[in-house]
Every structure is written in C-alpha cells, then in structure tokens.
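Written below as structure tokens is the structure these notes are about.
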Amino acid sequence: MKLRRSFFARPSPEVARDLLGKVLARRTGDALLRGRIVETEAYTGASDPGSHAFRGPTPRNQVMFGEAGHLYVYFTYGMHHCVNVVTDQPGTAGAVLLRALEPLEGIEVMEANRSGRPLRDLCNGPGKLCQSFGITRDQNGDDLEGSDIWIEDDGFRANAVATSTRVGLSAGADLPFRFFVQGNPFVSRGERPGGPGVRRQREKA
DNA sequence: TGAATGATCACG
DNA sequence: GTGATCATTCAT
C-alpha cells in the first residue's frame, strides 16, 4: 500500500530508519519503475550543520520547511541530482535523502537511462538512482500522495539495519544519521559496512 | 586521486 | 557581482 503523509510527518531520523525496505515507485510514460530503499540519510534544520536548511530558508531549500511527503530535489556538482523526502511539521525543516535502491521493476528503462551499466550500478548512489528514475528538479515539490511518484509498503521488512555517519559532509559529519541494510549488495560505497563509524543497530523479524 | 561542470549562497 | 563550496560519479 502507498504510504500516506502521516508516515512522513515525523522527525527525519525516524522516517529515515523506517523507509528502509519500502519501495520507491514512479510511473513515466508506459513504464513503471520500482526499487526497494536500502540506504537513507536524515537531515534536520537549525541543529544540523550538515543540512541545507541549517542557515534557514532559501529559494533552494524552501520545500524542506513545508509539508511532509513532498520531494526535495536538488542539483549538485554541476551534473547530479539528489532526491529527498520532506519530513516533520510545516515550519520545521527536515528531509530524508534516498541514497540507494535495489531495482525491482522497470530495470530495462533504468539500464537505458544509465547507458547500459550493470544491475548493481543502477541505483547504488543518490545521483545514480535519480538518473535511473529520471528524477530532476522538475520533480522538486512533487507530492508523494499523487499518482506520478510514491512510496509503497509491500509488507517486506528489512532486517540487519545499521547506522553510520553521513557520506560526503564537511560539517555535521559526526551525527549517526545514515541508515542502511547491512550486507545488501545495492548499498552505495560511501563507507564500508563494518568500517569506522558503522555500528549494528538492531535486528527485526 | 582528480577532473568534470554549473547552481547556490554568503559577502560586500 | 564574485568566489568558494558542493548530501557525486567516473576514469585514471
């Protein structure tokens, strides 16, 4: 079933953890693209120096301050997009970066979007999954309760959830706000599972 | 390890 | 207006 807004209207670290095992889905033209979320990162607001929202609202980050369940998409390094899900209450900045997916459906389309790269390289990074799903700034602000892009709970439960520090930050690098499915081959290489900063969090049935 | 490549934002 | 920086990816 499709996740509703209430799922997202919580603190971003909670949402980031609970999104592991859920399915990102997008309908584009004829194709239905689906991928299971295996890695996320939480970002908050004024208390998080690593967040785009740390210094308050700007034209780019304004959607992070808005209603939960919308997308925050930004363009970085002059060539890559990253997609987040807005969390928390209006007025409180929060978002969860989707860092890696396990491709489930529409794999041929993803391969075409990624110029024929192998399965494991289709969605194992925030820029890569946006390229596979064709997500650009055109999707910034889109509502996950709509019919173009959404997140499903299909009953699957992620076990062996682990946390670590976030990848690629120069500020806020100490916070344990990265969540991933330990041992899943589709997790990005940002930090080696089992390496420094990584701890086992819990097991689930 | 470093190049690619351009939007964003703080500052003045 | 300008310059440093960037929640990355890929080839070397």
Side-chain angles (χ1 to χ4, degrees), chain A residues 8 11-17 19-20 24 35 37-66 68 70-88 92-103 110-142 162-181 185-193 195-198:
Chain A
F8 304 107
S12 57
E14 287 182 27
V15 177
R17 181 196 63 213
L19 277 176
L20 294 178
L24 176 69
I37 298 169
V38 297
E39 180 182 349
T40 60
E41 281 177 357
Y43 290 85
T44 61
S47 63
D48 181 0
S51 173
H52 287 171
F54 181 56
R55 295 168 208 280
T58 66
R60 179 178 66 165
N61 68 23
Q62 55 145 326
V63 63
M64 281 185 71
F65 291 82
H70 292 257
L71 295 183
Y72 168 45
V73 184
Y74 66 89
F75 183 65
T76 191
Y77 290 103
M79 54 183 88
H80 300 296
H81 295 273
C82 293
V83 62
N84 298 249
V85 177
V86 174
T87 62
D88 237 302
T92 300
V96 172
L97 173 68
L98 304 183
R99 285 195 58 88
L101 311 175
E102 175 174 345
M110 299 184 201
E111 286 169 346
N113 289 342
R114 291 271 301 146
S115 57
R117 292 203 129 72
L119 180 66
R120 276 209 303 285
D121 289 344
L122 293 179
C123 297
N124 63 335
K128 298 178 188 180
L129 72 90
C130 281
Q131 192 178 9
S132 279
F133 275 66
I135 295 173
T136 69
R137 276 171 296 180
D138 288 349
Q139 279 69 50
N140 189 43
D142 279 8
T163 65
S164 77
T165 54
R166 294 172 293 186
V167 175
L169 300 190
S170 57
D174 52 318
L175 296 172
F177 279 0
R178 176 174 177 239
F179 301 83
F180 61 95
V181 178
F186 297 91
V187 169
S188 78
R189 47 150 305 178
E191 197 165 356
R192 288 283 179 234
V198 178

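In what follows, every heavy atom counts, from backbone to side chain, and hydrogens, waters and symmetry copies are set aside. Source: prediction; values computed, not measured. Protein chains get the first letters and strands the later ones, always in sequence-line order, with residue 1 at the start of each.
Taking 4.0 angstrom as the limit, A:R117 places a side-chain polar atom (N or O) nearer than this to OP1 or OP2 of C:dA11. In this model, the phosphate group of B:dC9 is approached by a side-chain N or O of A:R60 to a distance below 4.0 Å at OP1 or OP2. Taking side-chain N and O atoms only, A:T76 has no distance below 4.0 Å to OP1 or OP2 of C:dT8. At the phosphate of C:dT9, neither OP1 nor OP2 sits under 4.0 Å from any side-chain N or O atom of A:R189. The phosphate of C:dT8 (OP1 or OP2) has a side-chain N or O of A:R99 nearer than 4.0 angstrom. Between C:dA7 and A:H52, a contact under 4.0 Å exists linking OP1 or OP2 to a side-chain N or O. For the pair A:R114 and C:dC10, the criterion of a side-chain N or O lying under 4.0 Å from OP1 or OP2 is met.
A:N113 and A:S132 make their closest contact through ND2-O, 2.7 Å (heavy atoms, listed as atom of the first residue, atom of the second, distance). Considering every non-hydrogen atom in both A:A42 and A:D48, the closest pair reads O-OD2, 4.3 Å. Nearest heavy atoms, A:F133 versus A:G35: CZ-N, 3.8 Å. Here the closest heavy-atom approach between residue A:Y43 and residue A:S51 is recorded as CD2-CA, 3.9 Å.
The CD-P distance, from A:E41 to C:dC6, rounds to 15 Å in whole Å. Rounded to a whole Å, the CZ atom of A:R55 is 13 Å from the C1' atom of B:dT8. With rounding to whole Å, A:F75 atom CZ is found 7 Å from B:dG6 atom P. With rounding to whole Å, A:Y74 atom OH is found 9 Å from C:dC6 atom C1'. The distance between atom CZ of A:R166 and atom P of C:dT8, rounded to the nearest whole Å, is 11 Å. Distance CZ (A:R137) to C1' (B:dG6): 9 Å, rounded to an integer number of Å. In this structure, CZ of A:F179 is placed 19 Å from P of C:dA7, rounded to the nearest angstrom. Whole-Å rounding puts the A:Y72 OH to B:dA7 C1' distance at 11 Å.
Considering only the side chain of A:T58, B:dC9 comes nearest among B:dA4, C:dT8, B:dC9.
The base of B:dA7 lies outside donor-acceptor range of the side chain of A:Y77, with no N or O pair under 3.5 Å.
Using Watson-Crick or G-U wobble geometry with both donor-acceptor distances under 3.5 Å, C:dA4 finds its partner in B:dT8.
At a threshold of 4.5 Å between non-hydrogen side-chain atoms, the residues A:D88 and A:P11 count as touching.
Residues A:G78 and A:K128 both approach DNA chain C. Their nearest nucleotides, taken by heavy-atom distance, put A:G78 toward the 5′ side.
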